[in-house]
Visitor: 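Before I ask anything, let me first share the structure, which is written out below as structure tokens.
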Amino acid sequence: MNRKPRLRPVKTFISAPRIRRRVDALAAQISRDYAGRQPLLVGVLKGCLLFLPDLLRGLKVPCTVDLMAVSSYRGDKSSGAVRLVLDLRESPAGRDVILVEDIVDTGLTLDYLKKSLAARGVRSLRVCALLDKPSCRRAPVEADYIGFSIPDRFVVGYGMDHDEHYRGLPYIGTLQKERS
Ligand code: IMP
């Protein structure tokens, strides 16, 4: 059956040009830090759908790309259970891995992914997150590269969803009340 959700208006929170400038700056910083190396970028689906390719385009170092996906526990945040639903195609052993995440909220997902990758003998592991909500943390993890630090606010767009919608917006926004 065709389910047609009622979509809510979105208010711009971080504009597309601001995102572009910041992602370019992150790519430049990573290129400097990884000069002479060939990092493995590991994107975390689906939130990395727009961020990862934009970051990749800006990198000046040769790199390879792989993907992972974890189950979302949203709606049941208290359980904190994270489950791997898509694993890497190649072993990351011996690689300089950069995990590319849309947002670090409670940090439970990142904590799980960091432990999972560290256990596979990576040479080094850093995290690049577009957004960080430091006030929401429940696991003691931090990203090494952060696009924007934001308050505890639910955001959509630029890869991030609400009920699988809004991912394709070129900006980051907040959901407004439904129009009656
Ligand atoms: P965690 O709470 O740090 O484990 O965040 C896990 C995932 O929840 C993130 O990678 C996002 O995909 C999603 N998430 C957290 N906060 C938001 C938000 O404000 N909007 C959309 N997705 C979010």
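Nothing fancy with the numbering, it's 1 onward along the sequence. In listed order, ligands and their atoms are each counted from 1.
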Visitor: For the residue pair Asp152 and Ser135, confirm or rule out a side-chain donor-acceptor distance under 3.5 Å.
Guide: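 Looking only at side-chain atoms, Ser135 and Asp152 do not form any donor-acceptor pair under 3.5 Å.
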Visitor: Are a donor atom and an acceptor atom from the side chains of Arg95 and Thr64 found within less than 3.5 Å of each other?
Guide: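 Arg95 vs Thr64: donor-acceptor pair found between side chains.
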Visitor: Under 6.0 Å from the CD atom of Glu90, do we count more than 12 heavy atoms belonging to anything else shown?
Guide: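 Incorrect, the count does not exceed 12.
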Visitor: Please state which option from Val44, Val82, Leu175, Asp102 has its nearest heavy atom closest to atom 9 (C) of ligand 1.
Guide: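 Nearest option to atom 9 (C) of ligand 1, by heavy atoms: Asp102.
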Visitor: Would you call Asp54 and Arg22 a salt bridge, using N to O less than 4.0 angstrom?
Guide: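 Looking at Arg22 together with Asp54, the answer is no, because their closest N to O distance does not fall below 4.0 Å.
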Visitor: Classify the contact between Asp161 and ligand 1 as side chain, backbone, both or neither, using a heavy-atom distance cut-off of under 4.0 Å.
Guide: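 For Asp161, only backbone atoms sit under 4.0 Å from ligand 1.
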Visitor: Test of understanding: given a 4.0 Å heavy-atom threshold, classify the contact between Arg153 and ligand 1 as side chain, backbone, both, or neither.
Guide: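 Arg153 to ligand 1: backbone contact only, side chain stays beyond 4.0 Å.
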Visitor: For ligand 1, which atoms have a heavy atom of Thr106 less than 4.0 angstrom away?
Guide: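 Numbered from 1, ligand 1 contributes 1 (P), 2 (O), 3 (O), 4 (O).
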Visitor: If the cut-off is 4.0 Å to any non-hydrogen atom of Asp105, which atoms of ligand 1 fall inside it?
Guide: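 With Asp105 as reference, the close atoms of ligand 1 come out as 1 (P), 2 (O), 3 (O), 5 (O), 15 (C), 16 (N).
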Visitor: Against ligand 1, does Lys133 come closer than 4.0 Å with any heavy atom?
Guide: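 In this structure, Lys133 qualifies as a contact of ligand 1 - some heavy atom is under 4.0 Å.
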Visitor: Could you tell me which atoms of ligand 1, counted from 1 in the order shown, lie closer than 4.0 angstrom to a heavy atom of Thr109?
Guide: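 Answer, ordered by atom number: 1 (P), 4 (O), 5 (O), 6 (C).
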Visitor: Flag Met160 as yes when one of its N or O atoms lies below 3.5 Å from any N or O atom of ligand 1, and as no otherwise.
Guide: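 No - when backbone and side-chain N and O of Met160 are compared with those of ligand 1, no distance drops under 3.5 Å.
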Visitor: Could Arg153 and Asp105 be called an ion pair, given the rule that one side-chain N must be under 4.0 Å from one carboxylate O?
Guide: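 Salt bridge between Arg153 and Asp105, a charged N being under 4.0 Å from a carboxylate O: no.
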Visitor: Same hydrophobic cluster for Val44 and Leu86, using side-chain heavy-atom links shorter than 4.5 Å among ILVMFWY?
Guide: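 Not linked; separate clusters.
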Visitor: Any idea how Phe51 and Tyr158 line up, ring-wise: parallel (<30°), tilted (30 to 60°), or perpendicular (>60°)?
Guide: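 Rings of Phe51 and Tyr158: tilted, 30 to 60°.
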Visitor: Does any N/O atom on Val155 come nearer than 3.5 Å to any N/O atom on ligand 1?
Guide: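 Yes, Val155 has an N/O under 3.5 Å of an N/O on ligand 1.
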